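Below is one structure, written out as structure tokens, with a few remarks after it.
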Amino acid sequence: MVAITAPSSIDQIPPMRYPKANAGQPIAIPSVDLSAPGAATAVADACRSVGFFRATNHGVPAGLAEALEAGAMAFFALPTQDKLDMSGAARPFGYGSKSIGSNGDVGWLEYLLLSVGSNSVPSSSLPPSLRMALEEYTAAVREVGGRVLELMAEGLGLDRALLRRMVAGREGSDEMVRVNHYPPCPLAPGDCGLTGFGEHTDPQIISVLWSNCTAGFQIKLRDGRWAPVPPDPESFFVNVGDSLQVLTNGRFRSVKHRVVAPEGTQSRLSVIYFGGPAPSQRIAPLPQVMLEGEQSLYREFTWGEYKRASYKTRLGDYRLGPFELRAKLPSEPANSADPQLCNSGTCMQQQVAQVY
């Protein structure tokens, strides 16, 4: 397998130093059976409490993810120039290695970032087996994303189709698929802790993640601790995105997450579907969720405006800050990672844990 080979690049990848006890401490990840009665309530509860949940009984055949994993691993095993020749360099779509975006973020990974349109992934130059696997998988995961958006809306007491229409019901919706390959950490076991993908929230409405059996994914809990998420190739994991946080006026919270480079001999492969609306889509708290007298926590913007602003930031920046309608507290850093949200008289404060 061809991994990231430049020895000098290791020094450019920031280490993640976290308490070892916390790194191995299991947590109860909310799990929702998408086919069960009460799924809408369970989804809403998970989005309020964590902003993240495991989705089971989703109806996607296991063979689709297995075929995509096989095709992706074969692609990433190719020489770097071959991968670039097939997909082009990521600007932002295409093949990338180590560099994440254009603002200096780096990680121990290589990836494919592809735009989704008309139920397909435009990837005509990729190997046929990978292209077919991507298209079949993407069609299936888009349906899962749509069903989850319906459950979210139902759990909020909204028209069941309201959120889904923002992603799947408008021409020009901004949907993407990202395939991340994390080679094994090149350092000695116990001395690794390299950043695979740095801490961030997803700016879209939702993201739906699948991964193979290799660990490394972590989420930030409300008390500021980072907690590992055990891999489960039979399930999907759903993240609340920044845009959904705004649409619900902070009722649903986007969750910070990151990836640590895998220790051992096995690579980690993850595939993420990002459900974003059309650039012209208005993003503001939905009137249907607002209580009488409740004030918006955010100024209105469009998805295109927020996406452009996000592309100018670093991964760990709090991107919603410039769009908030509140004065920063005197003791709050200019780039505070976690806002204080006051909703109907109830204030919620996330602790900020600095990651070095």
Side-chain angles (χ1 to χ4, degrees), residues 13-19 22-32 43 46-55 100-101 105-109 111 113 141 145 148 176-182 193-212 214-233 235-245 252-262 268-276 310 313-320 335-339 350-356:
I13 310 300
M16 285 183 177
R17 299 194 180 108
Y18 48 83
N22 186 40
Q25 178 182 344
I27 64 167
I29 299 294
S31 185
V32 179
V43 164
C47 292
R48 288 189 181 98
S49 62
V50 183
F52 177 84
F53 64 91
R54 181 200 322 268
I100 303 170
D105 290 296
V106 291
W108 191 251
L109 85 161
Y111 63 88
L113 182 60
V141 78
V148 168
M176 299 184 294
V177 169
R178 185 181 189 111
V179 185
N180 289 332
H181 173 231
Y182 302 91
L194 284 181
T195 297
F197 207 111
E199 63 174 282
H200 63 286
T201 57
D202 295 333
Q204 293 86 358
I205 293 179
I206 65 165
S207 53
V208 183
L209 177 146
W210 175 90
S211 76
N212 64 1
T214 303
F217 188 79
Q218 301 176 354
I219 62 171
K220 190 177 184 182
L221 304 178
R222 294 294 170 85
D223 63 7
R225 292 179 300 128
W226 285 95
V229 177
D232 180 4
S235 302
F236 289 107
F237 293 91
V238 177
N239 290 351
V240 170
D242 294 342
S243 295
L244 185 55
Q245 178 171 314
F252 291 179
R253 301 293 303 279
S254 58
V255 62
K256 275 206 165 186
H257 50 285
R258 67 185 187 185
V259 177
V260 179
R268 173 179 170 85
L269 188 89
S270 62
V271 187
I272 310 97
Y273 162 78
F274 298 99
S310 296
T313 64
R314 298 292 298 271
L315 278 176
D317 290 343
Y318 178 54
R319 291 182 285 237
L320 279 175
N335 289 324
S336 173
D338 298 284
Q350 287 185 317
Q351 293 180 341
V352 177
Q354 181 68 37
V355 180
Y356 298 94

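In this chain, residues are counted from 1 in sequence order. All values below were derived from every heavy atom in this structure, side-chain atoms included, with hydrogens, water molecules and symmetry-related copies excluded. Remember, predicted model here, so these are calculated numbers, not experimental data.
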> By ring pair (Phe, Tyr, Trp, His ring centres under 6.0 Å), which residues pair with Y182, not counting sequence neighbours?
Replying inline: none
> Listed by chain and number, what are the salt bridge (Lys or Arg N to Asp or Glu O under 4.0 Å) partners of R54, not counting sequence neighbours?
Replying inline: D232
> Taking atom CG of L109 and atom CG of N180, what is their separation to the nearest 0.5 Å?
Replying inline: 5.5 Å
> How long is the span from the CZ atom in F252 to the CD1 atom in I206, to the nearest 0.5 Å?
Replying inline: 11.5 Å
> Atom OG of S49 and atom CG of L221: how far apart are they, to the nearest 0.5 Å?
Replying inline: 10.5 Å
> When rounded to the nearest 0.5 angstrom, what distance separates CZ in F53 from CD1 in I29?
Replying inline: 12.0 Å
>> I want to check something: taking the side chain as every heavy atom from C-beta on, are Y318 and L320 in contact at a cut-off of under 4.5 Å?
In response: yes
> Closest heavy-atom contact between R268 and A215?
Replying inline: CD-O, 3.8 Å
>> Quick check on side-chain contact (heavy atoms from CB on, under 4.5 Å): which of S270, P233, P231 does W210 satisfy it with?
In response: P233
> Knowing that exactly one of K256, Q218, R258 qualifies, which makes a side chain to side chain donor-acceptor pair (under 3.5 Å) with E199?
Replying inline: K256
> Can you check whether S207's main-chain N or O pairs, donor with acceptor, with N239's side chain at less than 3.5 Å?
Replying inline: no
> Residues in side-chain hydrogen bond (donor to acceptor under 3.5 Å, both in side chains) with S243, at least two apart?
Replying inline: none
>> Going by the rule side chain to side chain contact (heavy atoms under 4.5 Å, CB included), which residues pair with V50 if we only count those two or more places apart in sequence or in a different chain?
In response: P30, F52, I219
> Excluding sequence neighbours, so at least two apart, what forms side-chain hydrogen bond (donor to acceptor under 3.5 Å, both in side chains) with R319?
Replying inline: none
> By side chain to side chain contact (heavy atoms under 4.5 Å, CB included), which residues pair with D105, not counting sequence neighbours?
Replying inline: I100, R314, L315
> Looking at P203 and D242, what are the two nearest heavy atoms and their distance?
Replying inline: CA-OD2, 3.7 Å
>> Quick check: closest heavy atoms across V208 and G145, and the distance to 0.1 Å?
In response: CG2-CA, 4.2 Å
>> Distance check, rounded to the nearest 0.5 Å: L244 atom CG versus Q204 atom CD?
In response: 11.5 Å
> Is the NZ or CZ atom of R178 positioned over Y111's six-membered ring, under 6.0 angstrom from the centre and within 45° of the axis?
Replying inline: yes
>> Could you measure the distance from the NE2 atom of H257 to the CG atom of D202? Nearest 0.5 Å is fine.
In response: 3.5 Å
> What is the minimum heavy-atom distance between A55 and V238, and which atoms define it?
Replying inline: CB-CG2, 4.4 Å
> Considering only heavy atoms from C-beta outward, does the side chain of L269 approach that of T214 to under 4.5 Å?
Replying inline: no
> Looking only at heavy atoms, what is the nearest atom pair of P14 and T195, with distance?
Replying inline: O-OG1, 2.7 Å
